[in-house]
There are 2 protein chains.
Amino acid sequence: MELRNVFTFVRIVDLGSFTKAAQELGYSQSTVTFQIKQLESELGIPLFDRIGKKISLTPLGEEFLCFAIDLMKTTSQIKSIGSQIGMNKAKLRVGIIESLFIGRLAELIPEYFRLMPSTQIETKTSDGVKLYQMLRSNELDIIYVLDRKIYQKDCIRAFASPVKIVFVASSQHPITKEKKLSISDILKQPLILTERDSIYRKELEETLALSDIELTPFLEVDNTSIIMKLIKKGLGISFLPEYIVQEDARKNKLAILPVDGYDITLYSQVFYNKNKWVSPQMKLFVNLLSNQT
Amino acid sequence: MELRNVFTFVRIVDLGSFTKAAQELGYSQSTVTFQIKQLESELGIPLFDRIGKKISLTPLGEEFLCFAIDLMKTTSQIKSIGSQIGMNKAKLRVGIIESLFIGRLAELIPEYFRLMPSTQIETKTSDGVKLYQMLRSNELDIIYVLDRKIYQKDCIRAFASPVKIVFVASSQHPITKEKKLSISDILKQPLILTERDSIYRKELEETLALSDIELTPFLEVDNTSIIMKLIKKGLGISFLPEYIVQEDARKNKLAILPVDGYDITLYSQVFYNKNKWVSPQMKLFVNLLSNQT
DNA sequence: GTCTCCCATCGAAAAAATTAATGGATGTGA
DNA sequence: TCACATCCATTAATTTTTTCGATGGGAGAC
């Protein structure tokens, strides 16, 4: 049973005539006759009595009509699926590195729910390498990572914004007295760094490797919020994205250290899988980030 | 959009694979790919993300799935239309002559509703000629008439049962004393007859016409119940179907008069239109009459 | 009776669905 | 890492289905 025939059937009932239905639907009359015959034989029931030049529904035809109208209703609902964009419950699986969640994404979440209240956001925090993997295997819809601006296979970059990575200490720390610092000044201090997989930790190590220096942090913590708390207590120096320390720097709780020759810049970037349909939920995610001050 | 494609879609979602769905549905894999492509282009929305060798529903695909399942449910309901025979609300339009309603049909109605409680019976009482007309123009589904057993154009006879038409008088009437009556004895009495269109009135008139006798009833009433009441009060003699006077005759309220040479027999008959689908409602109607004692 | 209207039928034509074969991409397992 | 198998996409050919035009029969209108 195909919908074409069902629609023809309903139109016939409305108009009370095969011929009129044919005209209206742009079929020839014989086509309509054939369609109804086909329906009747598929269903194994007679739909119309043909008496004289009038047709009338059989009782079974009446029954069928109810369901046929059901089918038409559902079909018209289906046709409007695309239109009420994003107004339906949909999931958005976001992969993100921890520092960007705290420093960038968190403040946008209320706005996101204001604009698309029906979305169910699932976040997964992990390091960039794992996030790329998960994006490629479609475990995530979109990822927000910090990285160099390089090509990523199968991934489309939807957004990129430069981010300085800075050395930071407590504003009470004696080292803040210095107007100019060299890398050796820094390395004399106890270092608190993120885990080895963290992209800016890697960047730092690579840069230092050029000068044949090896990095020996006295503490590794995978959580930037904790690192910041420790730094504020004067426990040492860290190397963190600017966005995460900016606020505390403005409040004079933390100080960004001017280290000569170590202006490292990465990009916060949003990617999605190149084979992925870009949903309104994903678009909004990118838009909000793009408009972020 | 055709249901074939929708079913394939649902099967793919169930099995998580185009290939498996193709195997199960007996299609080649390219057919399934084509069907989904067709659906996606008709709806203007992407249904699946094809990432790596895995497929997954897009949010819009998820939405569509709900409706698709709706369509499948309705379709499976449709397939069972024929099966629960007559269990659904259906109308039965019955044409009947008044005397058969009173004398035959009335007592069967409770049984009818016991067996097919969902039927809505509409009855139309009229004379035979009008009932045949209405049957031919599909204003009635079935008619129950008294007539000679002759061919009726476009009508199928579903049932016939002989019915004697008899002269009847009050059991108190002096004429009941006679063991044998001739037609002239009858005609001396005041006659109460049904209207001119009534078939047994016509039969009587035709038979009398052979002997060149013209009928002059002193009263015409189109309602046999009323006629019987009048007869019982001793107002005269009537000519009525046996079935309608039988009960009163048994109770000795009425007497059937033995009139020599006037054994007129007609048939109570059920007809339906030859082009009409015979519904379970109609079948039951015929069956109950056939089994009537 | 003739004419028109309506549905059924039939063979031809058009359109659509289906297939088999092939290819590209992606995991998998030695 | 290199075959190998798996999965979906593509294409051209084939088969099936749908549609059409012409014709016919029956019923109702004038």
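The figures here come from the full heavy-atom set of this structure, side chains too, leaving out hydrogens, waters and symmetry mates. Numbered from 1 within each chain, the chains take letters A, B, ... in sequence-line order.
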Looking at Leu3(A), is its backbone amide N or carbonyl O close enough to the side chain of Glu2(B) to form a donor-acceptor pair, meaning the two atoms are under 3.5 Å apart?
yes
Can a donor-acceptor pair be found, under 3.5 Å and without considering hydrogens, that links the side chain of Gln29(A) to the backbone of Ala22(A)?
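No; judged by distance alone, with no hydrogens or angles, the pair does not exist.
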What integer distance in Å separates Ile55(B):CD1 from dA9(D):C1'?
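Taking CD1 of Ile55(B) and C1' of dA9(D), I get 13 Å after rounding.
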Find out whether [X] and [Y] are in side-chain contact, i.e. whether some heavy atom of one side chain is under 4.5 Å from a heavy atom of the other.
| X | Y | answer |
| --- | --- | --- |
| Lys124(B) | Leu140(B) | yes |
| Ile165(B) | Val163(B) | yes |
| Arg50(A) | Asn275(B) | no |

Protein-nucleotides 23-28 of chain D N/O pairs under 3.5 Å:
none

ring-ring contact (aromatic ring centres under 6.0 Å, His included) partners of Tyr144(B), counting only residues at least two apart:
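Tyr144(B) satisfies ring-ring contact (aromatic ring centres under 6.0 Å, His included) with no residue once adjacent residues are dropped.
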Not counting sequence neighbours, which residues clear ring-ring contact (aromatic ring centres under 6.0 Å, His included) with Phe48(A)? List them please.
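Only Phe9(A), Phe18(A) meet the ring-ring contact (aromatic ring centres under 6.0 Å, His included) criterion with Phe48(A).
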Which residue pairs pass the side chain to side chain donor-acceptor pair (under 3.5 Å) test with at least one member in residues 72-82 of chain A, sequence neighbours excluded?
none
Compute the bend angle of the helix from dG1(C)-dC30(D) to dA30(C)-dT1(D) from the end axes (five pairs per end), rounded to 10°.
20°
Shoot me the first and last contacting nucleotide of DNA chain C against chain B, ordered 5' to 3', at under 4.0 angstrom to non-hydrogen atoms.
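Both ends considered, the range comes out as dA17(C) to dG27(C).
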Residue pairs passing the salt bridge (charged side-chain N to carboxylate O under 4.0 Å, His left out) test where at least one lies in residues 19-39 of chain B, sequence neighbours excluded:
Arg11(B)-Glu24(B)
Which pairs count as salt bridge (charged side-chain N to carboxylate O under 4.0 Å, His left out) when at least one residue sits in residues 271-284 of chain A, sequence neighbours excluded?
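Matches after skipping sequence neighbours: Asp141(A)-Lys276(A), Asp154(A)-Lys274(A), Lys276(A)-Asp49(B).
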If you pin Tyr27(A) and Lys54(B) to their nearest nucleotides in DNA chain D, which one's is more 5'?
Lys54(B)
Any idea which heavy atoms bring Thr265(B) and Pro162(B) closest together, and the distance?
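Answer, listing the atom of Thr265(B) first, then Pro162(B): CG2-CB, 4.0 Å.
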Just to be sure I understand the geometry, which residues of residues 3-12 of chain B put a non-hydrogen atom under 4.0 Å away from DNA chain D?
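DNA chain D contact set from residues 3-12 of chain B: none.
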Start at the 5' end of DNA chain C and walk down; is the nucleotide closest to Lys20(A) or to Glu2(B) reached first?
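Looking at DNA chain C, the more 5' nearest nucleotide goes with Lys20(A).
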Counterpart residues, side chain to side chain contact (heavy atoms under 4.5 Å, CB included), relative to Pro59(B) (two or more places apart):
Ala90(A), Trp277(A), Ser279(A)
Contacts of type side chain to side chain contact (heavy atoms under 4.5 Å, CB included), residue Asp197(A), not counting sequence neighbours
Asp127(A), Glu195(A)
Residues in residues 32-40 of chain B with a heavy atom under 4.0 Å of DNA chain C, by number, are Phe34(B), Gln35(B), Gln38(B)
Show your working on side chain to side chain contact (heavy atoms under 4.5 Å, CB included) between Ile45(A) and Glu40(A) and close with a plain yes or no.
CA-CA 5 Å; Ile45(A) 62 175; Glu40(A) 290 181 318; over 6 Å; no
Please determine if Arg93(A) and Glu139(A) form a salt bridge, counting it only when a charged side-chain N lies under 4.0 Å from a carboxylate O.
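Salt bridge absent between Arg93(A) and Glu139(A).
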